[in-house]
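Here's the structure we're looking at; comments come further down.
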Amino acid sequence: MQTTIMDCIQRVPGLAERAVRENPTDSNGFFDRHRDALSRIDEIILVGSGTSFTSSMTAAPVMEKVGGLRVTVMLPDAVLRSSRLLLEFACYLFVSQTGTSKLTQRALQVLQARGLLCAAVSESGDTPMAKMTEDWIDIHCGTEEYPMRTIGYSMTVFTLIQFAMQMGLHRKTLAAEDFERYGGEALAAANALRRLIPQADEWILQNRRAMLRSDCIALTGAGDLYGVALEGAVKLWEMPQIPAMGYELDEVMHGPNFGFSGRHCLIVLDDGVNRSDEARAICKYMKNEMQNGFLVGPASLDAADFGIREAGNTFRSLLYAGVVQVISYELALNQGRNLLVRDKHEVMYSYFNSHFA
């Protein structure tokens with residue numbers, strides 16, 4: 001039987017559990033090779049495009065929390081434009097699941113030529129980008145069957161957070177007991193995700209009509225959930241081909257709020273703590289005035305919302321990501337799109353190709 005995107009979504013908990021239990025504290029020798037440089041590192045800079053960018057945006061706030069270093073996310077074009085101004089003592093992680101992104105590869109080449117500390121974050125040590133540098137960080141995702149990345153997004157977020165934990169452990173900004181505690185949270189998140197996926201599937205089937213009749217769907221969240229909102233917008237465009245956008249929570253109340261109507265669906269990702277009052281207020285507005293809003297979080301506003309009681313978990317982004325992935329998948333099926341049919345992109349590639357084959 002052919003693997004479906006739902007099968008890929010359901011594969012994430014097991015992959016996350018395996019990554020924790022293998023628990024590599026040295027990321028393929030990275031920390032051993034650069035032991036003398038660790039004390040000089042003053043920032044981690046994540047570089048990537050597409051889902052590699054949204055996964056970096058998701059992971060960055062959590063990486064700062066667990067690693068004790070500032071984390072910046074940059075598109076590869078910004079790296080190339082600013083290459084002479086970049087920090088000498090930063091650690092640059094170039095993120096590409098398949099390692100074939102042309103512009104990310106070019107940015108890696110430029111920074112390596114400057115002698116900066118660079119590593120590739122990729123699905124295999126055999127990807128083109130991983131072969132460009134001695135330092136490769138394994139995403140632990142294996143080969144994913146569909147270009148609409150679900151495993152790759154979730155496991156990239158997971159891997160980047162784990163890397164920051166390892167950085168904190170080696171730099172002694174994260175105590176060993178806290179490292180173990182975060183590992184326990186990771187296992188708890190994986191177990192919770194296994195339970196949430198079928199619940200989210202049932203929930204979207206009950207609430208899909210409001211989303212399917214909308215002209216567009218917007219998602220919003222704060223902190224790491226902003227990154228999930230960005231990725232959710234990508235997935236809604238990729239799978240059901242619904243116009244979608246992702247906003248930071250404060251941003252959605254500075255302009256987009258004037259444009260919302262009943263033809264626009266807003267999905268609010270709320271962790272119950274980080275500016276939760278704002279999240280609930282904008283969702284109430286969309287529910288009461290536009291009759292088209294949903295809250296995903298620990299405390300529902302009404303029966304139409306989806307509850308995540310583990311919203312305080314350090315790895316909560318995996319849970320919220322699982323929900324938006326299920327939403328995108330089920331809306332695609334209900335629109336009649338056959339996701340089992342592999343699209344042929346020869347015509348598109350005759351115009352442009354952003355990746356090396």
Side-chain angles (χ1 to χ4, degrees), residues 27 30-31 34 37-97 99 101 103-122 129 132-133 135-137 139 152-153 155-171 173-174 221-231 233-234 246-251 274-275 314-315 317 321:
S27 290
F30 176 91
F31 294 102
H34 302 289
L38 294 181
S39 62
R40 299 195 300 272
I41 294 173
D42 54 14
E43 184 172 3
I44 298 174
I45 297 180
L46 309 176
V47 184
S49 296
T51 288
S52 294
F53 176 79
T54 61
S55 59
S56 297
M57 289 292 293
T58 305
V62 188
M63 293 175 71
E64 290 186 338
K65 170 187 171 183
V66 302
L69 282 171
R70 180 174 57 192
V71 179
T72 299
V73 182
M74 299 181 71
L75 291 164
D77 179 68
V79 170
L80 292 168
R81 285 187 286 106
S82 308
S83 60
R84 294 188 180 183
L85 302 174
L86 294 176
L87 299 173
E88 180 180 357
F89 297 115
C91 172
Y92 296 87
L93 301 183
F94 292 82
V95 185
S96 174
Q97 181 173 348
S101 177
L103 209 59
T104 304
Q105 287 184 359
R106 194 183 309 166
L108 171 58
Q109 288 175 326
V110 169
L111 267 59
Q112 279 199 145
R114 283 193 52 197
L116 300 178
L117 179 56
C118 301
V121 181
S122 192
M129 198 171 70
M132 291 170 56
T133 176
D135 291 306
W136 159 63
I137 312 301
I139 295 176
Y153 167 80
M155 290 307 298
T156 298
V157 173
F158 192 85
T159 298
L160 290 173
I161 296 173
Q162 277 203 316
F163 178 87
M165 289 166 51
Q166 294 159 10
M167 180 70 80
L169 187 66
H170 284 272
R171 284 167 48 89
T173 58
L174 181 68
D224 53 337
L225 299 187
Y226 170 43
V228 179
L230 291 175
E231 174 62 11
V234 173
Y247 293 106
E248 203 280 331
L249 181 58
D250 196 50
E251 181 186 14
N274 188 17
R275 293 157 53 205
T314 300
F315 293 84
S317 57

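Residues Cys91 and Met167 approach most closely at SG-CE, 4.5 Å, considering heavy atoms. For Leu38 against Arg171, the heavy-atom pair with the smallest separation is O-NH1, 2.6 Å. Across every non-hydrogen atom of Gly221 and Ala229, the tightest pair is N-CB, 4.2 Å. Of all heavy-atom pairs spanning Asn274 and Gly223, the tightest one is ND2-N, 3.9 Å. Of all heavy-atom pairs between Tyr226 and Glu251, the closest is OH-OE1, 4.3 Å. Closest non-hydrogen pair, Ile45 versus Ala90, comes out as CD1-CB, 4.0 Å.
Contact check for Thr51 versus Gln97: no side-chain heavy atoms found under the 4.5 Å cut-off. Put simply, the side chain of Glu231 does not reach to within 4.5 Å of the side chain of Val157, judged on heavy atoms. Under the 4.5 Å side-chain criterion, counting only non-hydrogen atoms from C-beta, Ile41 is not in contact with His34. Residues Phe53 and Val73 form a side-chain contact, since some pair of their non-hydrogen atoms from C-beta on lies under 4.5 Å apart.
No donor-acceptor pair closer than 3.5 Å links the side chain of Ser49 to the backbone N or O of Leu75. The backbone N or O of Ser96 sits less than 3.5 Å from a side-chain atom of Ser122, completing a donor-acceptor pair.
One finds the OG atom of Ser27 at 9.0 Å from the CG atom of Leu93 (value rounded to the nearest 0.5 Å). One finds the OG1 atom of Thr173 at 11.5 Å from the CE atom of Met165 (value rounded to the nearest 0.5 Å). Here the straight-line distance linking atom CD of Glu248 with atom CG of Leu225 works out to 10.5 Å at 0.5 Å rounding. Summarising the geometry, atom OG1 belonging to Thr104 is positioned 12.0 Å from atom CE belonging to Met74; distances are rounded to the nearest 0.5 Å. Separation of atoms CE (Met63) and CG (Leu46) is listed at 4.5 Å; rounding is to 0.5 Å. Taken from CD1 in Ile44 to CG in Leu69, the straight-line distance is 5.0 Å, to the nearest 0.5 Å.
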*Between Tyr92 and Leu87, does a side chain to side chain contact (heavy atoms under 4.5 Å, CB included) hold up when you go through it step by step?*
CA-CA 10 Å; Tyr92 296 87; Leu87 299 173; 4.1 Å; yes
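Paired with Ser52 under the rule side-chain contact (heavy atoms from CB on, under 4.5 Å), one option of Val47, Val95, Thr156 passes, and it is Val95.
The side chain to side chain donor-acceptor pair (under 3.5 Å) analysis of residues 75-86, with sequence neighbours excluded, yields the pairs Asp77-Arg81.
Among residues two or more places apart in sequence or in another chain, the side-chain contact (heavy atoms from CB on, under 4.5 Å) test is passed with Ala107 by Pro76, Val79, Leu80, Phe94. Evaluation of the salt bridge (Lys or Arg N to Asp or Glu O under 4.0 Å) rule for Glu43 yields Arg70 as partners, not counting sequence neighbours. Under the rule for a ring pair (Phe, Tyr, Trp, His ring centres under 6.0 Å), the partners of Phe163 that lie at least two apart in sequence or sit in another chain are Phe30, Phe31. For Thr58, the side-chain hydrogen bond (donor to acceptor under 3.5 Å, both in side chains) partners at least two apart in sequence or on another chain are Tyr153. With sequence neighbours excluded, no residue forms a ring pair (Phe, Tyr, Trp, His ring centres under 6.0 Å) with Tyr247.
Counting heavy-atom neighbours within 6.0 Å of Arg114 CZ, excluding the residue itself, gives a total above 12.
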